[in-house]
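These notes are about the structure you will find just below.
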Protein chains: 4
Amino acid sequence: MSSQPPTPASGHASSAEISARERRSFDRLVNFTDAVVAIGITLQLLPLIDIDGPTGDETVWQVISTNSGQITAFVLSFVVVILMWRNHNAVFNSLRRTDGIIFRLNVLWLILVVFLPWPTAMYGTASNDVVAGADGVGLLYWWTLAAISGVGSLIAVHARRTPTLLEPGEAEIVEATHVANRWRGIIFFSAFILIGVVSEFAPGIAPFLAFGLIPADIIVSRSGKKAKEQA
Amino acid sequence: MSSQPPTPASGHASSAEISARERRSFDRLVNFTDAVVAIGITLQLLPLIDIDGPTGDETVWQVISTNSGQITAFVLSFVVVILMWRNHNAVFNSLRRTDGIIFRLNVLWLILVVFLPWPTAMYGTASNDVVAGADGVGLLYWWTLAAISGVGSLIAVHARRTPTLLEPGEAEIVEATHVANRWRGIIFFSAFILIGVVSEFAPGIAPFLAFGLIPADIIVSRSGKKAKEQA
Amino acid sequence: MSSQPPTPASGHASSAEISARERRSFDRLVNFTDAVVAIGITLQLLPLIDIDGPTGDETVWQVISTNSGQITAFVLSFVVVILMWRNHNAVFNSLRRTDGIIFRLNVLWLILVVFLPWPTAMYGTASNDVVAGADGVGLLYWWTLAAISGVGSLIAVHARRTPTLLEPGEAEIVEATHVANRWRGIIFFSAFILIGVVSEFAPGIAPFLAFGLIPADIIVSRSGKKAKEQA
Amino acid sequence: MSSQPPTPASGHASSAEISARERRSFDRLVNFTDAVVAIGITLQLLPLIDIDGPTGDETVWQVISTNSGQITAFVLSFVVVILMWRNHNAVFNSLRRTDGIIFRLNVLWLILVVFLPWPTAMYGTASNDVVAGADGVGLLYWWTLAAISGVGSLIAVHARRTPTLLEPGEAEIVEATHVANRWRGIIFFSAFILIGVVSEFAPGIAPFLAFGLIPADIIVSRSGKKAKEQA
């Protein structure tokens with residue numbers, strides 16, 4: 001880190017090649033995307049906030065236990081979307097502008113992120129029930145996650161193949177993290193597709209499989225970071 | 001792109017002519033506008049999230065089929081508002097400050113964007129029904145979109161006619177993209193007015209007409225870009 | 001405008017006197033405030049979005065007519081909060097950091113802005129009814145607006161009396177706009193207090209009085225701007 | 001303040017040591033965090049906005065009195081979250097980048113902040129009732145606040161122990177405010193744990209204990225500031 005000479009405005013030199021207008025336009029798209037994700041992620045709480053507190057002799061722990069499926073779905077969606085937002089973040093931070101393809105893929109990605117709270121709500125309600133499954137709710141939930149992950153990967157693939165979109169100097173870094181990122185995209189996408197199928201036949205196991213993705217993400221992150229340092 | 005000399009802080013030289021205070025005030029208005037649009041667009045999900053999951057022998061695909069009108073309305077409003085936000089974005093990125101007229105038109109534009117989820121919800125519910133139409137819901141929905149598009153165009157027209165609001169060097173670019181932008185505004189506005197009328201008599205066709213606007217937008221964008229490159 | 005020499009980074013020289021950490025802390029508070037206002041203002045839609053579309057032979061225009069009070073309340077709150085946000089904006093843009101008093105007044109101001117959608121919802125429902133009034137709903141609504149306006153004015157008063165909080169060079173401008181701003185604060189606060197009282201006795205007139213504030217705001221803005229140019 | 005020499009770009013020299021990409025990535029995480037907190041804090045209003053206005057001979061003051069618990073819970077959660085956000089803010093403003101531990105603690109912190117509106121809603125409803133308590137709702141509410149405070153403290157502890165994460169020159173300031181910050185973390189965490197227990201046995205007293213935390217926070221802030229000035 002410290003070997004890099006502290007050239008003043010090292011970040012500005014590169015951005016000077018694109019016009020101030022393009023920079024503003026790009027920054028606004030990034031901020032807008034982040035805002036929509038922040039709202040979408042927070043809307044996951046809506047089904048929870050409608051749950052009434054304990055009545056009569058009931059305690060709040062019984063309310064939590066009855067709605068454990070809904071709470072698990074909330075935590076799961078929140079964590080998974082943040083992880084996918086971070087991947088999206090990493091791709092956009094290596095860009096200096098967008099083209100029409102990235103703009104449209106990003107719109108699709110945002111629609112899916114904002115749509116997710118509905119499958120989450122249905123999945124959470126279904127998971128409260130012990131005999132859930134086989135009605136497609138799990139499939140819809142997990143495949144929506146797969147679609148978010150898949151569209152995110154398509155953005156990354158298009159960015160890698162279009163060097164004029166990248167910040168100068170990013171091309172090598174992107175190349176070095178190529179393999180790790182590609183693997184992460186494939187792992188997440190396939191995992192969600194598979195967990196969706198599992199959720200139809202063994203709904204109780206599916207969420208645990210998903211929480212297993214978090215260590216997988218950490219491992220891939222580390223190997224990606226190592227590749228970047230060697231570059 | 002690379003023929004443009006990388007003058008350091010090319011974007012800052014121009015903004016130095018307006019005071020730091022004006023710049024901050026303008027930036028805050030832009031960020032505030034983007035935040036309101038991001039929230040307004042996400043609130044389109046609210047009618048969807050209230051839809052209960054499948055019960056009994058029902059599957060989630062039947063739930064989706066029953067509520068296909070609501071889901072189509074969500075996707076449609078989301079995409080159309082993002083496209084109109086991008087146009088708004090393009091206008092504001094050529095500005096360096098606002099005047100009272102743009103401030104008030106922008107407030108009106110934001111009210112309409114935030115109001116839209118209600119017509120969307122009513123339109124979505126009505127569209128679930130096969131025999132919908134003739135009750136004005138479609139008209140209200142499409143004419144709200146027409147109003148958003150129309151007010152957005154008025155902002156663009158006022159900006160073009162008031163060179164003191166523009167970033168230096170933007171006047172020529174704005175002039176060059178003049179025709180394309182003006183056409184886009186007129187096309188969108190007239191299209192929404194017309195689709196609203198169609199929705200009263202042939203409600204099933206209206207959404208398809210709207211999805212046809214997306215390729216129209218792409219074509220106008222391209223011709224606008226070509227005009228800008230020749231400038 | 002162009003007579004001002006384009007000293008590079010004229011806005012940065014002043015901010016260099018406070019540490020980068022203080023600047024970041026201040027900027028985050030400003031962004032956070034704007035985000036909370038953007039969300040609060042958008043939540044005003046919630047009572048509207050729950051209104052069902054037309055059923056049977058009803059048309060959407062009848063639905064709008066039945067709920068005209070709710071719609072008027074939405075537009076009114078939206079416009080008034082944006083105007084008060086602009087005043088708040090003007091004060092904060094002359095600041096370079098906050099102290100504990102401004103932080104706490106700002107928290108109070110935000111609570112009131114986020115609380116407002118509830119009085120708006122109740123007032124809107126009551127206004128749908130022709131024989132509303134005398135139950136205090138109007139009083140609560142207008143006095144909440146008075147409180148938002150009053151706390152905003154207190155922030156401005158404290159900022160003017162504490163020159164160390166101001167950006168260098170802002171003290172004179174603030175002094176020049178002193179009278180106009182003080183008048184605006186007093187006019188808005190008193191007007192809302194009065195309209196609240198009127199709403200108890202003549203509920204039908206109150207909203208029209210409020211829409212009269214918009215031209216009042218424009219007049220005060222202009223006299224303030226003239227004072228600034230003479231400074 | 002004015003004794004500090006106005007070295008141009010004093011804030012940029014330090015950030016030049018990390019790459020522009022890392023800076024953007026960090027800034028986006030900070031903005032995203034602030035946006036999620038802003039939305040989470042505003043969602044606290046949702047239970048309030050569903051309360052119907054007065055009907056028949058009822059006045060709005062009776063509605064407020066009946067729902068005073070809900071309103072108190074809203075104000076309390078709003079104020080406490082803003083205070084904890086400010087502490088979080090102070091920690092993040094001394095950082096220049098994050099590591100995996102801070103990222104994950106931050107995700108946990110955000111989940112808790114977004115989850116809080118549900119306990120707030122249940123606690124508010126229970127507090128409307130005079131004979132509430134002993135059903136665990138107060139415990140859940142106060143322990144959620146304890147968890148938010150505790151996770152926030154863990155972030156601060158990890159930041160202090162990892163100097164490579166800090167902005168140059170921040171290490172000494174952080175060390176100086178060490179004691180004050182550590183005390184604040186311990187005070188808030190223990191207070192919330194205790195108030196939770198009290199709320200089970202004497203539910204009427206608990207909120208008043210919490211409002212007592214605000215002066216405590218001010219005192220600790222002042223002693224922290226004094227320590228910083230002496231550094």
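Only a predicted model underlies this, so the values are computations on that prediction, with no experimental measurement involved. Naming: A, B, ... by sequence-line order, numbering from 1 per chain.
In this structure a side-chain-to-backbone donor-acceptor pair under 3.5 Å is present from C:Trp118 to D:Leu48.
The line from CZ of C:Arg28 to NE2 of D:His88 is 6.5 Å long, rounded to the nearest 0.5 Å. Taken to the nearest 0.5 Å, the CH2 atom of D:Trp61 stands 5.0 Å off from the CG atom of C:Leu140.
Interface remark: C:Leu110 contributes backbone and side-chain atoms alike to the contact with chain D (heavy atom separation under 4.5 Å). Using a 4.5 Å cut-off between heavy atoms, D:Leu45 touches chain C through its side chain atoms alone. Of the atoms belonging to C:Leu46, it is side-chain heavy atoms, and not backbone ones, that fall under 4.5 Å from chain D. With a 4.5 Å cut-off on non-hydrogen atoms, D:Asp52 touches chain C through its backbone but not through its side chain. For a residue to count as touching a neighbouring chain, one of its non-hydrogen atoms must lie under 4.5 Å from one of that chain's; by this rule C:Phe103 touches chain D with the side chain only. For chain C, the nearby part of D:Phe74 is the side chain; its heavy atoms alone come within less than 4.5 Å. Only the backbone of D:Glu58 comes within contact range of chain C, judged by heavy atoms closer than 4.5 Å.
Residues D:Phe78 and C:Val107 share a closest heavy-atom pair of CE2-O, 4.2 Å. The two atoms that bring C:Pro117 and D:Ile49 nearest to each other are CB-CD1, 3.7 Å, heavy atoms only.
In terms of heavy-atom pairs under 4.5 Å with chain D, the best-connected choice from C:Ser25, C:Ala121, C:Pro119, C:Gly40 is C:Ser25. Top candidate by heavy-atom pairs under 4.5 Å with chain C, chosen from D:Ile41, D:Ile51, D:Leu43, D:Asp50, is D:Ile51.
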